[in-house]
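Scroll down for the structure; my scribbles are underneath it.
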2 protein chains.
Amino acid sequence: MPVTLKDIAKRVGYSVTTVSRALAGYEDVAEDTRRKIIMAAREMGYYPDFTARSLRRRRTDTVGFVIPVAEHYLSDPFFLELLAGIGDGAVEQGFDLLISTCKPLGSEEREVYRRMVRGRRVDGIVVARTRREDQRISYLVGEGFPTVAFGRTTLNLDFPYIDVDGEDGVRQAMEHLINLGHRRIAFISPPSYLMFAEHRLIGYKRALEKHGLDFDPSLVVEGELTQSSGYRRMNQLLDLDDPPTAVVCGNDLMALGAISASQERGLKVGRDVAIVGFDDIPLAEHSHPPLTTVHQPIYEIGKRLSHMLVQIIQGQGLAETHTIVQPKLVVRESCGYAERR
Amino acid sequence: MPVTLKDIAKRVGYSVTTVSRALAGYEDVAEDTRRKIIMAAREMGYYPDFTARSLRRRRTDTVGFVIPVAEHYLSDPFFLELLAGIGDGAVEQGFDLLISTCKPLGSEEREVYRRMVRGRRVDGIVVARTRREDQRISYLVGEGFPTVAFGRTTLNLDFPYIDVDGEDGVRQAMEHLINLGHRRIAFISPPSYLMFAEHRLIGYKRALEKHGLDFDPSLVVEGELTQSSGYRRMNQLLDLDDPPTAVVCGNDLMALGAISASQERGLKVGRDVAIVGFDDIPLAEHSHPPLTTVHQPIYEIGKRLSHMLVQIIQGQGLAETHTIVQPKLVVRESCGYAERR
DNA sequence: CTGTTAGCGCGTTCAA
DNA sequence: TTGAACGCGCTAACAG
């Protein structure tokens with residue numbers, strides 16, 4: 001049986017109240033009494049009951065995060081990094097992290113969020129991979145529940161977020177490819193229901209426009225952020241009568257798939273075809289050839305989101321509620337730069 | 001303000017108790033009463049308070065998992081898959097998942113586990129990447145806390161686990177390489193404090209022995225399960241006066257690093273040098289060349305661990321408490337098999 | 001069938 | 001400086 005305040009009280013001969021206050025560090029406890037109580041607590045191995053404390057304080061010191069898992073299980077290192085950032089950020093502030101996984105879109109998802117919110121399971125929620133009209137956000141904001149998001153939405157709602165300027169990221173990638181002489185550049189887009197698909201696509205289009213290149217719809221295909229879908233989409237692009245010489249991918253995983261597809265056809269990536277990713281997951285650096293990609297500081301964003309969320313939970317104002325982070329193109333060899341040196 | 005049982009009771013004119021029972025589906029409530037109560041609850045948007053319920057029932061319906069993060073953040077897809085498995089398995093049984101991250105070994109880790117256990121934060125814990133003398137296990141078992149592990153230990157303690165037969169996995173890899181004609185085979189080991197490092201090393205040694213090959217200590221180096229450490233260790237091996245022609249790596253990430261290192265030196269992996277990994281993370285299939293590796297069903301193991309844990313929590317007996325899963329070599333191209341066909 | 005009584009363990013009045 | 005009383009929201013034993 002776990003040791004409770006009552007047990008300590010009985011042992012030292014003080015009331016539960018006094019024990020509680022002594023342990024909580026209240027000033028109105030005699031030094032001597034406090035010492036005795038703390039000693040006893042230590043000896044008896046007292047540890048406050050989390051549940052009871054939560055009920056009383058009306059907060060759980062826990063943040064929630066629901067991982068949207070598209071396939072039967074997830075494999076995108078993006079989430080692992082984000083998770084680590086959120087987790088570490090939470091821990092730094094004395095908060096725990098409650099995780100659920102759930103297929104995106106659909107009623108099950110709604111239920112998962114309701115459970116967390118209405119069951120007062122957590123004090124706040126981090127939403128990632130925002131959607132254009134994100135029902136999760138509208139629900140959470142509607143409930144007045146502390147929420148922060150990685151990404152924007154098209155909703156006319158004010159909520160705190162951090163987002164990466166995907167438009168600019170893709171623009172950087174495009175400029176680089178265009179400078180290298182590419183004219184037929186394809187784009188393997190993330191699923192279009194995701195908000196960042198739109199930003200990245202805009203970056204693609206703007207860059208074409210700016211350099212007087214035509215927009216060819218057959219060069220834009222939609223993938224599912226997985227390697228295998230990148231692989232399939234790349235094959236599709238290479239099957240075109242007039243295939244692209246360069247491809248910008250919606251994330252690194254798809255870029256890796258695209259590399260595989262190219263290599264299987266005997267193309268040398270970086271020479272015969274240029275491939276650029278987005279995210280800069282740890283694998284990107286170690287792929288073969290190393291992947292040129294747009295770096296976004298996922299871990300740091302996760303950590304910062306946690307900090308923001310905790311601030312909101314604790315009723316402190318936020319200095320910045322809408323942060324746009326500038327990503328940065330990391331040039332490696334998959335687009336041929338290295339060979340030109 | 002959230003709606004409570006009391007609010008409903010006031011509205012329908014019954015006692016809190018009756019409302020509670022009606023909602024919980026007890027039989028001893030008049031059909032008519034139940035209907036009214038359920039209607040009211042629905043209209044008012046009632047949702048049970050998780051914390052209060054936990055306090056009363058003395059259980060949280062939550063399982064805990066502490067991710068051991070060696071570097072400043074984690075990047076091994078292994079954990080993501082395991083996490084997904086544990087999470088899905090938990091959800092299937094109506095349990096939530098509480099996550100913490102923590103550097104392995106050291107006092108901070110002990111505190112994290114104490115917090116979960118003594119604070120009755122969770123009902124049970126999953127331990128992964130067991131260590132030879134795993135203090136986490138001895139602590140948890142000592143506390144009599146529901147625990148399951150992915151991996152064995154050298155401790156003389158009885159606790160439920162699932163483990164992969166790493167010895168046999170490496171044996172399979174070695175047999176394959178030896179059959180292909182390799183005689184100088186290196187082993188990039190996981191950190192030796194990990195239990196599975198030992199099993200895999202034994203598999204390596206036994207295979208050498210069985211085929212009458214000498215054990216050369218300079219061919220065994222210890223890595224840290226990351227790509228960059230695989231990269232460094234591989235370089236070290238290739239710098240030997242008499243470098244190996246084949247390398248078995250302690251996990252896929254290190255194998256990917258080893259591939260990079262080899263390629264940077266102009267070696268063609270699969271022809272000039274054979275590389276085998278362990279895990280079969282999704283990336284393995286898509287690396288270039290595709291990685292020959294020992295497959296272990298990480299997601300399924302995670303799920304099964306969750307199921308076992310919940311069974312223990314609910315006081316049901318376990319059919320199998322010590323499960324050894326047989327891994328299976330997946331032959332791809334990094335060891336040259338494909339070129340021999 | 002329904003209500004009363006009685007906590008779960010903790011923290012916050014308020015009075016002594 | 002300390003303690004008694006009270007309640008967070010829910011559930012369980014018991015009585016009627």
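Sequence lines set the chain letters: A, B, ... in the order given, protein chains first and strands last, and positions in each chain run from 1.
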Would you say [X] places a side-chain N or O within less than 4.0 Å of OP1 or OP2 belonging to [N]?
| X | N | value |
| --- | --- | --- |
| Tyr14(B) | dT4(C) | no |
| Thr18(A) | dG3(D) | yes |
| Ser20(A) | dG11(C) | yes |
| Tyr47(A) | dC10(C) | no |
| Tyr26(A) | dT12(C) | yes |
| Arg53(A) | dG11(C) | yes |
| Thr17(A) | dG3(D) | no |
| Thr33(A) | dT2(D) | yes |

Base, sugar-phosphate alone, or nothing: which one does [X] contact when heavy atoms must sit under 4.0 Å apart?
| X | result |
| --- | --- |
| Thr4(B) | sugar-phosphate |
| Phe50(A) | nothing |
| Leu55(A) | base |
| Val16(B) | base |
| Pro48(B) | sugar-phosphate |

Which is it for Arg34(A) and Glu31(A) under the salt bridge (Lys or Arg N to Asp or Glu O under 4.0 Å) test, yes or no, and what are the steps along the way? CA-CA 5 Å; Arg34(A) 152 168 294 116; Glu31(A) 248 338 295; 3.5 Å; yes
Of Arg34(B) and Ala52(B), the one whose closest nucleotide on DNA chain C sits nearer the 5' end is Arg34(B)
Map Ala24(B) and Gly13(A) onto DNA chain D by nearest heavy atom, then report which one ends up closer to the 5' terminus. Gly13(A)
Return the value, rounded to whole Å, for the distance between atom [atom1] of [X] and atom [atom2] of [N].
| X | N | atom1 | atom2 | answer |
| --- | --- | --- | --- | --- |
| Arg58(A) | dC10(C) | CZ | P | 18 Å |
| Ile8(B) | dG9(D) | CD1 | C1' | 12 Å |
| Leu23(B) | dT11(D) | CG | C1' | 13 Å |
| Arg57(A) | dT12(C) | CZ | P | 8 Å |
| Lys10(A) | dG3(D) | NZ | P | 15 Å |
| Asp28(B) | dT11(D) | CG | C1' | 13 Å |
| Ile37(B) | dT2(C) | CD1 | P | 7 Å |
| Lys6(B) | dC6(D) | NZ | P | 14 Å |

Donor-acceptor contact below 3.5 Å, side chain Arg136(B) vs main chain Ala128(B): yes
Looking at Ile324(A), is its backbone amide N or carbonyl O close enough to the side chain of Asp163(A) to form a donor-acceptor pair, meaning the two atoms are under 3.5 Å apart? no
Apply side-chain contact (heavy atoms from CB on, under 4.5 Å) to the pair Phe145(B) and Met116(B), showing each step before the final yes or no. CA-CA 10 Å; Phe145(B) 200 73; Met116(B) 284 199 180; over 6 Å; no
Going through the checks in order, is the side-chain contact (heavy atoms from CB on, under 4.5 Å) test met by Asp88(B) and Val69(A)? CA-CA 10 Å; Asp88(B) 288 355; Val69(A) 187; 5.7 Å; no
Examine the base of dG3(D) for any acceptor or donor lying under 3.5 Å from a partner atom in the side chain of Arg21(A), and report the outcome as yes or no. yes
Please evaluate the base of dG9(C) for a donor-acceptor partner in the side chain of Arg56(B) within a cut-off of under 3.5 Å? no
Taking the minimum atom-to-atom distance to the side chain of Asp49(B), which one of dC10(D), dC10(C), dT2(D) wins? dC10(D)
Atom CD of Gln135(B): over 12 foreign heavy atoms under 6.0 Å: no
